[in-house]
Student: 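Got a structure for you, written out below as C-alpha cells; questions coming shortly.
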Amino acid sequence: MSGFQKFLLAIALNVLIISCSKDEVGPSGGSNDFVQEGVVVINEGNFGRANASLSVIPDSGEVINTVFQTANARVLGDVLQSVVPYKNDYFLIVNNSGKIERVRKQDFTSIATIDGLQSPRYMLILDQTRALVTSNNFSDDSVNLYLLNIEQNVVEREISVAGGCEDIVFYDDVVVIANEGRNRLLFMDPMTFEIRLIKDTPLGPKELMVDSKNQLWVLCAGDFVTTGSAMAFLKDAESNVEVVEQFPFGVGLKNVTEFEGDIYFLSDGVYKYPGGMGESVLVTDQDMSYPYGFAIQPKSGNLFVGDALFFQGNGKVLEFNNSGNLLNSYQAGVGPNGFIFE
Amino acid sequence: MKNAVLSATLFISISLASTLYPFVSKAQMKAEMTTDTFQLLEVSVFDQRYEDISSVVLYEFDSVALTKSNYNDLGEFLNGNSGIYVKDYGPGSTSSMRYRGTSANHTRIFWDGISVDNVMLGQTDISLIDAGSYNGIRFLKGSQSMSLGSGGFGGILNLNEKVSEGEKFKADASVSYGSFETRKSQLNFSINDGNWTFFTHLSGIESENNFRYLNYLEGDRYETRENAAFRRITIRPTLLYAKKNHRFSGTYWYTESNRLVPSAISVPHGNAEQYDRWNRGKLTWSYQKNEFSVGIKSVYGMDDLNYYRQSTEIESESRVEYWKSYFNSNYKIISNLKGETQIRWEDLRGISVNYEGNQRMTILSAYQSIKWMNSRFAISIDGRAEHYNTQDFYLLPAFNASYSLLSDQSLLVLMSGSQNIRYPTFNEKFWIGQGNPEIQPEKSDNIEWGLVYKILESSKTELRISGSFFMSNIDEMIIWIPDESGFWSPQNINEVQNRGVEAETAFQKQLKNTVLSLKLNYTYTDSRVVNFSNIEEFNSNQQIYIPYHKGFADVSVEYNNYFVNYNLTYTGEVYTNADNSTYIPHSFPSNISFGKHFDYMSSRFSLICSVNNLFDESYQFVEHMPMPMRNYLLTLKWNFK
C-alpha cells in the first residue's frame with residue numbers, strides 16, 4: 001500500500017468512525033479534506049425527507065457517507081436523481097428541491113447552486129458553456145427542458161416540450177430525449193433546439209444508452225396499469241425503435257449499460273444480453289432485497305449494485321466480479337440509484 | 001374571508017346565548033344544580049370496580065382538562081396529557097396516534113361507541129377535532145378496546161358527550177387571540193325544558209401559522225414557516241327527549257377544514273393544500289331501568305378529503321360514505337353475573353378517482369361479554385365475531401380480571417388479554433395499480449398486568465398510583481414498499497413485538513382557599529421488528545416513530561380566584577429509519593397558563609394568559625416538521641353557572 005493510499009485510508013477510517021454513529025437529524029459539518037478516488041454512490045433519498053446524499057467508496061474499500069453534508073455543513077436536498085461529471089466538477093441534479101448543485105470532485109465543496117428548475121431529472125453537457133436539463137412535468141404546457149449556462153451557473157432559457165422528459169444523450173451529433181410523457185424519442189438540434197425527428201417507443205421511455213456499435217438502447221417503464229417494461233433499441237437514426245424484450249407487468253428495468261460487447265441491465269437482479277442480442281440471462285441476484293441502481297466499473301469489470309432495502313433505511317452497495325460472485329458489501333445512504341467511477 | 005368564519009361563529013354564539021337566556025326563569029336558574037347527567041348511550045355499564053381500575057385500563061379526560069385553552073386540537077392535548085405519542089406534523093397539520101408500539105392504523109376513533117375512522121385511510125386525523133369539543137373522552141387501552149370494536153391494537157379513543165339534563169340553562173364560551181394571528185372561539189350551551197334538552201357546540205379556529213423555527217439543515221438559521229395557514233369550524237347540535245326510562249336523541253356533527261400543507265424543512269412545499277369536510281348524523285334510542293339497559297343507535301356519515309398540489313399537478317378528491325347501526329344491551333343474569341350483548345352492522349363506501357369505480361364493504365359483528373364479580377374478584381370473558389362481505393370471518397376472544405388485595409378495595413391488581421385483527425383499508429386493497437387485493441388482515445395478541453393503589457382518598461385529598469406492564473405482538477403487519485417497477489404497494493411483510501411499562505401518579509389536595517393537583521405519567525415502550533421481509537439490517541431494531549420514553553407532568557394550583565397550570569411533556573429519541581441510523585432528538589416542551597376568575601351575577605369570567613413552549617425549544621415530532629418556538633395566547637372565558 002502506497003503512502004498516499006495509507007493517508008486516504010486514515011482519513012476514511014476517521015470519517016467512518018464519525019459517520020457510523022447515529023446521526024441526529026441535521027448537518028454535522030466537519031472536515032472537507034476528502035480526496036475522491038474510487039466510486040461515488042448516488043443516494044436518491046426518500047421523497048419529501050431531504051435526505052439525499054453522496055457516498056464515496058475509495059479504492060481502499062472503506063465507504064465514506066454524507067460527503068456533501070460533511071463538506072458544506074448543510075444537507076444536499078430532496079431526491080438526488082442523477083450526477084453528471086464535468087472536468088473537475090460534478091453537477092448534482094436534485095429533483096424535488098428543484099436545483100442543481102455544482103461541487104468540486106476533489107472534496108465535494110459547493111461551487112454554485114442553480115435554482116429555478118422544476119423537477120429536474122437528467123443533464124447533458126452540450127459544450128463548454130451550455131447544458132440541457134430535462135424535467136418530468138407531465139402537463140402539455142409545462143417547461144420540460146432547461147438550457148443552462150454552465151460558465152455562470154444559471155438557467156438561461158426554458159424550452160417547452162409536451163410531456164415529461166427523462167434521459168438525454170448525444171446520438172449522431174443530435175440530442176435525443178426520452179419523452180416519457182408522450183412515449184417517444186425527440187431528436188433535437190443542439191444549436192437551434194428544434195425538433196428534427198420524432199420516433200415512437202413502447203410505453204414510458206426512461207433511459208437511453210448508446211453502445212459501441214452506435215445503437216441507441218431505450219429502456220421503457222410501461223404504465224401504471226397493465227403494460228410492463230420493455231427493452232428496445234434503435235439500430236440507426238433511419239430505423240424505427242424495435243422491442244428487444246417485453247416484460248410482464250410489475251417487472252422493472254433500470255440502468256442499461258454495455259461492457260465488452262454485452263448489454264447489461266438491472267431488474268430483480270443483474271441480467272445481460274450476451275453480445276447484445278438474443279434473450280437476457282441472469283448474471284446474479286445474490287443477497288439483493290430491492291436492487292435499485294447498477295453500473296459496471298470500467299477498469300475492473302466489477303458489477304456494483306445499489307440495494308435500496310425498500311427505502312426503509314440506509315441502503316447498501318454490493319460489489320460482484322464480472323461472473324456474479326459477491327466480493328464486498330458496503331453501507332450506503334438511502335436509495336443508492338447509481339454510480340460514478342473515477 | 002379570513003375573519004369571516006370566526007366572526008360568524010362568535011356572532012352566532014352570542015346571539016343564540018342572549019336570545020335563549022330570557023326563556024329561562026330566574027327561579028329555575030337559582031335552583032340547585034345537582035345534575036342528572038346523561039351520557040348519550042353509554043357503551044357499557046361501568047360499575048364502581050371498573051371505575052377503580054379505570055386509570056390503568058383507560059385514559060379518561062374530564063372537561064376541565066379538555067378545555068385548557070392553549071391546545072389547538074385534540075392531538076396537541078393528547079401529547080401533553082397522556083402516554084400516547086402523537087405524530088404531529090405541526091399546528092393545523094395532520095396528526096395521528098401511536099401507543100404501545102402500534103401505529104396510527106391501530107389506534108382508532110369512535111364517536112359515542114361507533115367508529116368514524118376514514119375507511120380509505122384506516123385512521124382519523126385528530127388535528128381536526130377540537131380538544132374542548134367533547135366533555136367526556138375516554139381512551140380504552142389495548143384489550144379493553146375490544147368492548148367497542150376490533151382493530152384497536154393500541155386502543156380506541158371514544159368521544160362522548162355528557163349532557164346535563166337537570167340544568168335548565170348552562171353555557172360557556174371563550175374567545176382567544178394569540179401568536180401567528182391565531183384566533184379561536186367556542187360556545188357550548190344547553191337548554192332544558194321538561195323532557196326536552198337541546199345542547200350544541202360551536203367552535204372555530206384560524207391562524208396564519210407563520211411561526212418562527214430553527215432550520216438546522218442549512219446552517220442553524222431561523223426561518224418563518226410558509227404555506228401553513230389553516231382554519232376550521234365545527235358545529236354539533238344535539239336534541240334529546242327523555243321520558244320515564246326512555247331517551248331519544250339526534251345529533252348532527254359538521255366539521256370543515258381548509259389548510260395549506262407545509263413541507264419538511266428544505267423541501268419545497270409545492271403550494272399544497274387540503275380540504276376536509278365531515279357531515280355526520282346520529283340517532284339514538286335507549287332504555288335503562290335498574291341494571292338493565294338496551295339501546296340502538298345509527299350513524300350516517302359523508303366525509304370528504306381533497307388534496308391539491310400545484311407544482312406536481314396533483315388533484316386528489318375522495319369521499320367516504322357510511323351507514324352504521326349498533327344494538328347494545330346490558331343486563332343482570334343472576335346476582336353476581338352480568339352480560340353485555342352488541343350487534344353491529346356497517347355499510348361502507350369509498351369514492352375516489354384513485355379506485356376503479358366506487359368500492360363498498362359491509363361488516364356484521366356480534367359481541368358477547370359475561371362478567372362475574374364478588375367482593376374481591378371480578379372477571380369478564382368476551383368474544384367478538386366479525387363477518388365481512390368478502391366472506392372473511394373472524395372470532396376474537398378477550399378477557400379482563402381484577403382482584404382486590406385489600407378489603408377496602410384500595411389496592412387492585414388486574415390482568416387482561418385479547419386476540420385482535422385490523423382489516424385492511426380501502427386504499428390498501430383497491431388503489432389503482434398499487435392496491436393489493438390479496439392483502440391479509442394484521443393480527444395481534446395482547447396481554448397486560450396492572451396495579452392500582454389508592455393511597456389516600458378523602459373529600460379533600462386524593463393520592464393514587466397505578467402501573468401496568470404490557471406485551472403484544474403484531475403479525476402480518478402491512479407496510480407499503482416499492483416493487484420492481486417503483487410502484488408502492490402494501491404487503492404483509494412485517495412482524496413486531498412490543499413490551500413496556502406505564503406508571504402514573506395522581507394527587508389532589510384541597511386546603512382552605514387552595515386546590516393543588518399533580519399528575520405524572522411515564523411510559524416505556526420497547527417495540528422491536530422481529531422480521532421485516534428477511535432483511536437482517538432491520539431486525540431487532542426499534543420501530544420508527546415509537547419512542548422508548550414518553551411522559552408528562554401536569555401541575556395546577558388554584559388560590560382564591562387565581563390559578564396557574566404548568567405542563568411539561570417529555571418525548572425520548574424517536575428513530576426515523578428502520579435501521580435506526582437517524583433519529584429525532586428528545587424534547588421537553590413545556591406550557592404555562594395563569595389567570596384569574598371574576599364572578600359577576602350568575603356568570604364567571606376567566607382571563608387566561610398562556611405561554612406555550614416556555615423555554616423556546618426547537619423541537620419536532622415528525623422528522624423535519626418543526627413545531628413553533630415560544631408563543632402566546634390570551635383567552636377570555638365566560639361560564640354561566
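Reminder, nothing fancy here: chain letters follow the sequence lines and each chain counts from 1.
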Student: Which salt bridge (charged side-chain N to carboxylate O under 4.0 Å, His left out) pairs, counting each pair once, include a residue from residues 531-545 of chain B, with sequence neighbours left out?
Tutor: K316(A)-E537(B)

Student: Please identify, among S533(B), G486(B), S489(B), P482(B), the residue contributing the most non-hydrogen atom pairs under 4.5 Å to chain A.
Tutor: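 Max contact count across the listed options: P482(B).
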
Student: Would you name the heavy atoms of F310(A) and I535(B) that are closest together and state the gap between them?
Tutor: CD1-CD1, 3.5 Å

Student: Could you tell me whether the side chain of I481(B) reaches within less than 4.5 Å of the side chain of Q312(A), counting heavy atoms only?
Tutor: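 SC-SC contact between Q312(A) and I481(B) confirmed.
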
Student: Determine whether more than 12 heavy atoms belonging to other residues, nucleotides or ligands lie under 6.0 Å from atom CD of E617(B).
Tutor: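 Result for CD/E617(B): enclosed.
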
Student: Which atom pair, heavy atoms only, marks the closest approach of S266(B) to S97(A)?
Tutor: O-OG, 4.0 Å

Student: If the condition is salt bridge (charged side-chain N to carboxylate O under 4.0 Å, His left out), which residues does R212(B) pass it with, not counting sequence neighbours?
Tutor: D616(B)

Student: Is any side-chain heavy atom of N577(B) less than 4.5 Å from a side-chain heavy atom of V334(A)?
Tutor: yes

Student: CZ/F249(A) to CZ/F487(B) distance, rounded to the nearest 0.5 angstrom?
Tutor: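 These two atoms lie 6.0 Å from each other.
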
Student: Contact part of A50(A) toward chain B, heavy-atom cut-off under 4.5 Å: side chain, backbone, both or neither?
Tutor: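 Both parts, backbone and side chain.
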
Student: Please check: side-chain N/O of D579(B) versus main-chain N/O of N314(A), any donor-acceptor pairing under 3.5 Å?
Tutor: yes

Student: Which answer fits I479(B), side chain, backbone, both or neither, if we ask what part of it has an atom under 4.5 Å from a heavy atom of chain A?
Tutor: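 Side chain only.
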
Student: What do you reckon, is OH of Y89(B) surrounded by more than 12 foreign heavy atoms closer than 6.0 Å?
Tutor: no

Student: Kindly indicate whether the side chain of N96(A), heavy atoms from C-beta on, has any atom under 4.5 Å from the side chain of V267(B).
Tutor: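 Contact flag for N96(A)/V267(B) side chains = yes.
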
Student: Which region of W480(B), side chain (C-beta onward) or backbone (N, CA, C, O), has a non-hydrogen atom less than 4.5 Å from a non-hydrogen atom of chain A, or is it both or neither?
Tutor: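 The answer is the backbone of W480(B).
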
Student: T576(B) versus R49(A): any side-chain heavy-atom pair under 4.5 Å?
Tutor: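 Yes, their side chains come closer than 4.5 Å.
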
Student: Using heavy-atom distances under 4.5 Å, tell me whether V94(A) contacts chain B through its side chain, its backbone, both, or neither.
Tutor: neither

Student: Given heavy-atom pairs under 4.5 angstrom as the criterion, report whether the side chain, backbone, both or neither of S289(A) touches chain B.
Tutor: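 Contact with chain B: side chain only.
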
Student: Measure the CG-OG distance between N51(A) and S581(B) for me, rounded to the nearest 0.5 Å.
Tutor: 9.0 Å

Student: For E226(B), does the CD atom have more than 12 heavy-atom neighbours from other residues, nucleotides or ligands under 6.0 Å away?
Tutor: no

